[in-house]
Amino acid sequence: MQQSWVEVDVRALEHNLRLLRQRLAPGAALMPVLKSEAYGHGLVAVGRRARADGVNWFAVAYLHEALALRPVVGAAHILILGAVEPADLPLLVRHNLLPSVVDEEHARALDAAAGALGVRLPVHLKLDTGMGRLGFVWSEAGQVLPRVARLPHLDLQGLGSHFAAVEPDDPDRAGRQLERFLQARVLLERQLGRRLFAHISSSRAFLHLPGGQLDGVRIGILLFGYGAGAFAEQLPLQPALQWKTRVIQVKTVPADFPVGYYSTWRTAAPTDLATIALGYADGYLRVLSNKGYVLIRGRRCPVVGRVSMNWITVDCGPASGVRAGDEVVLLGRQGDAEVWADELAGLCGTIAYEILTSIASRLERRYPGDSQI
Ligand SMILES: Cc1ncc(COP(=O)(O)O)c(C=O)c1O
């Protein structure tokens, strides 16, 4: 039995879905981004739940994620955001998955593989409008896209891009990307004589750039209850994931007692130290050494000493009453006390995304109160 586990509040996910839908432009599809095990929440469980809620589009990064998702989302569209290998084409076709085509060489290789299989492969083209990551470079789109559109075994159905930054005080930056994207869309649609399914926005653009919703919005972090920022009042999302473990040992120690590798912390006065079975190998980032907090008996207890691979020590204070077996909350709520991924991210100099996706996927995910999962 593993000593730490993750609890996902399915009602929080449903609540978030409902709020997000209320902000969707008419005709725009909500496309939950469920890569990295649905940001640590569990790909299959979240996919099944979102599908039961009527979601008809999903996005993942890799083929293996799409294959895991397919059985639980029926006939919903599954878009693979990364570049699939031509050798995997039979799997794409068999499971009705939509790949992203990232450049002309990739397009030709997929076209040849589709030709060899005797199929016309539905694809989305990915345009790099300024992210500098995957996709056809926008400045070459005018020459390259018309050639790609003529490849006989690719059925161009959609066009996607990704914003590098959506900053309300520098709207031109995202504006330029949107403009490049819309130009490419017009060019392709004219050549093809039909509409393409266009998507460029993820969570931040969904909040700050309502004109960027187009045919669909690829939303990740907001679905999981983070990232609303200045919109938190209008959009009271709920974090859905709690991470818990139990105290495995408590010791009452005197002042000047050393804790952890290299004794980077010493007690200032007699206190109760609790050891919990979890460390950086489980995804509790080592930079939280002498910085993090956990909740025990409804109180915040600081992480003291270095986070080690499998154990951490926390200071419960004198006469704490803490006992081996007590529940510990690493992320979540206990009584009136709370600690969430955005707070830990602030302590670590990172983002909630990294905190959530670092939680080891081998830890058990529980879905209390969800009969479907
Ligand atoms: C291409 C792409 N689209 C959408 C998303 C979802 O982003 P967010 O979680 O900020 O909504 C990501 C996440 O990294 C992404 O890489």
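Residues take their numbers from the sequence shown, with the count starting at 1.
Of the options R297, K244, R299, a salt bridge (charged side-chain N to carboxylate O under 4.0 Å, His left out) to D326 is made by R297 and by none of the others. Evaluated for a side-chain contact (heavy atoms from CB on, under 4.5 Å) with V294, the options V329, T245, I276 yield exactly one hit, I276.
Around atom CD of E85, no more than 12 heavy atoms belonging to other residues, nucleotides or ligands sit under 6.0 Å away. More than 12 non-hydrogen atoms from other residues, nucleotides or ligands lie less than 6.0 angstrom from CG of D170. The 12-atom threshold is exceeded at CZ of R362, counting heavy atoms of other residues, nucleotides or ligands nearer than 6.0 Å. Other residues, nucleotides and ligands contribute at most 12 non-hydrogen atoms within 6.0 Å of the CD atom of E105. For W340, the CH2 atom sits in a packed shell: over 12 heavy atoms of surrounding residues, nucleotides or ligands are nearer than 6.0 Å.
Atoms CG and NE2, on L20 and H15 in that order, are 9.0 Å from each other to the nearest 0.5 Å. Atom-to-atom distance recorded for L331:CG and L241:CG is 6.5 Å, nearest 0.5 angstrom. With rounding to the nearest 0.5 Å, the separation of CG in L121 from CG in D111 is 9.0 Å. We find the CG-CG distance between L237 and L13 to be 11.0 Å, quoted to the nearest 0.5 Å. Note that CG of L356 and CD1 of I221 are 5.5 Å apart. Values are rounded to the nearest 0.5 Å. Note that CZ of R51 is 10.0 Å distant from CG of L69, once rounded to the nearest 0.5 Å.
Closest non-hydrogen pair, L43 versus E37, comes out as N-OE1, 2.9 Å. V307 approaches L285 most closely through the heavy-atom pair CG2-O, 4.0 Å. Residue S4 comes nearest to A277 through the heavy atom pair CB-O, 4.4 Å, listed as atom of the first residue, atom of the second, then distance. Counting all heavy atoms, side chain and backbone alike, R108 lies closest to L151 at NH1-CD2, 3.5 Å. Closest heavy-atom contact between V304 and V259: O-CG1, 3.6 Å. Among all heavy-atom pairs drawn from R365 and I359, the shortest one is NH2-O, 3.5 Å.
Taking the six-membered ring where the residue is Trp, F231 and H208 present perpendicular rings, their angle passing 60° and hence far from 30°.
Under a hydrophobic clustering in which Ile, Leu, Val, Met, Phe, Trp and Tyr are joined whenever their side-chain heavy atoms come within less than 4.5 Å, directly or via other members, V247 and L273 fall into different clusters. Tracing side-chain contacts under 4.5 Å through hydrophobic residues (I, L, V, M, F, W, Y), one reaches L91 starting from L154; they form part of the same cluster. At a threshold of 4.5 Å between side-chain heavy atoms, the hydrophobic network of Ile, Leu, Val, Met, Phe, Trp and Tyr places V148 and L134 in two separate groups. I219 and M131 end up in different hydrophobic clusters when Ile, Leu, Val, Met, Phe, Trp and Tyr side chains are linked at under 4.5 Å. By the rule that hydrophobic residues join a cluster once side-chain heavy atoms approach within less than 4.5 Å of another member, L117 and L63 end up as members of one cluster.
Under a 3.5 Å cut-off, the side chain of Q191 and the backbone N or O of P146 do form a donor-acceptor pair. At least one donor-acceptor pair closer than 3.5 Å links the side chain of Q242 to the backbone N or O of R333. Between the side chain of E354 and the backbone N or O of T350, no donor-acceptor pair lies under 3.5 Å. In this structure, the side chain of D172 does not engage the main chain of G175 through any donor-acceptor pair within 3.5 Å. Although no hydrogens or angles enter the test, the distance criterion places a donor-acceptor pair under 3.5 Å between the side chain of Q177 and the main chain of A164. For the pair S36 (side chain) and A38 (backbone), a donor-acceptor distance under 3.5 Å is absent. A donor-acceptor pair under 3.5 Å links the side-chain atoms of S308 to the main chain of W311, judged by distance alone. In this structure, the side chain of Q3 does not engage the main chain of L278 through any donor-acceptor pair within 3.5 Å. Side chain of Y226 to backbone of A341: a donor-acceptor contact under 3.5 angstrom is found.
In this structure the side chain of N56 never reaches within 4.5 angstrom of the side chain of V73, judged on heavy atoms. Inter-residue side-chain proximity for L81 and V60 is flagged as unmet; no heavy-atom pair is nearer than 4.5 Å. Inter-residue side-chain proximity for F58 and L79 is flagged as unmet; no heavy-atom pair is nearer than 4.5 Å. The shortest side-chain heavy-atom distance between Q213 and F206 falls under the 4.5 Å cut-off. Taking the side chain as every heavy atom from C-beta outward, D128 and F136 never approach each other to under 4.5 Å. At a threshold of 4.5 Å between non-hydrogen side-chain atoms, the residues Y280 and L288 do not count as touching. By the 4.5 Å heavy-atom criterion applied to side chains, L127 and F181 are counted as neighbours. Under the 4.5 Å side-chain criterion, counting only non-hydrogen atoms from C-beta, V314 is in contact with I296.
No hydrogens or angles considered: a donor-acceptor pair under 3.5 Å links the side chains of D155 and Q157. Side-chain contact, T264 with N290: a donor N or O sits under 3.5 Å from an acceptor N or O. Side chains of H153 and R120: no donor on one and acceptor on the other come within 3.5 Å.
Taking the charged nitrogens against the carboxylate oxygens, E104 and R147 do have a contact shorter than 4.0 Å, which makes a salt bridge. Contact check on E338 versus R300 returns no salt bridge, with no Lys/Arg side-chain nitrogen under 4.0 Å from an Asp/Glu carboxylate oxygen.
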task = Would you check, one step at a time, whether the test side-chain hydrogen bond (donor to acceptor under 3.5 Å, both in side chains) holds for E140 with W138?
result = CA-CA 5 Å; E140 298 166 7; W138 82 88; over 6 Å; no
Intermediate values then yes/no, salt bridge (Lys or Arg N to Asp or Glu O under 4.0 Å), D53 and R18 = CA-CA 9 Å; D53 241 70; R18 207 166 32 248; over 6 Å; no
E14 vs R49, salt bridge (Lys or Arg N to Asp or Glu O under 4.0 Å): CA-CA, chis, key distance, verdict = CA-CA 8 Å; E14 288 167 353; R49 173 41 59 206; 3.2 Å; yes
key: Working for salt bridge (Lys or Arg N to Asp or Glu O under 4.0 Å), residues R204 and E167   = CA-CA 8 Å; R204 267 186 82 76; E167 293 306 313; 3.4 Å; yes
task = Start with the C-alpha gap between V303 and D315, add the side-chain angles, then the distance that decides, and say whether side-chain contact (heavy atoms from CB on, under 4.5 Å) holds.
result = CA-CA 7 Å; V303 170; D315 181 10; over 6 Å; no
request  = Run the numbers on V6 and R366 for side-chain contact (heavy atoms from CB on, under 4.5 Å), then give the verdict.
outcome  = CA-CA 6 Å; V6 167; R366 299 180 185 167; over 6 Å; no
Exercise answer: donor-acceptor pairs, residues 251-258 side-chain atoms, under 3.5 Å, sequence neighbours excluded:
{"from": "T252", "atom 1": "OG1", "to": "D272", "atom 2": "OD1", "distance (Å)": "2.8"}

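For the pair R306 and Y261, the NZ or CZ position fails the cation-pi test of under 6.0 Å to the six-membered ring centre and within 45 degrees of the ring normal.
Ring to ring, H41 and W243 are not that close: their centroids are 6.0 angstrom or more apart. Taking the six-membered ring where the residue is Trp, the centroids of Y62 and H64 are separated by under 6.0 Å.
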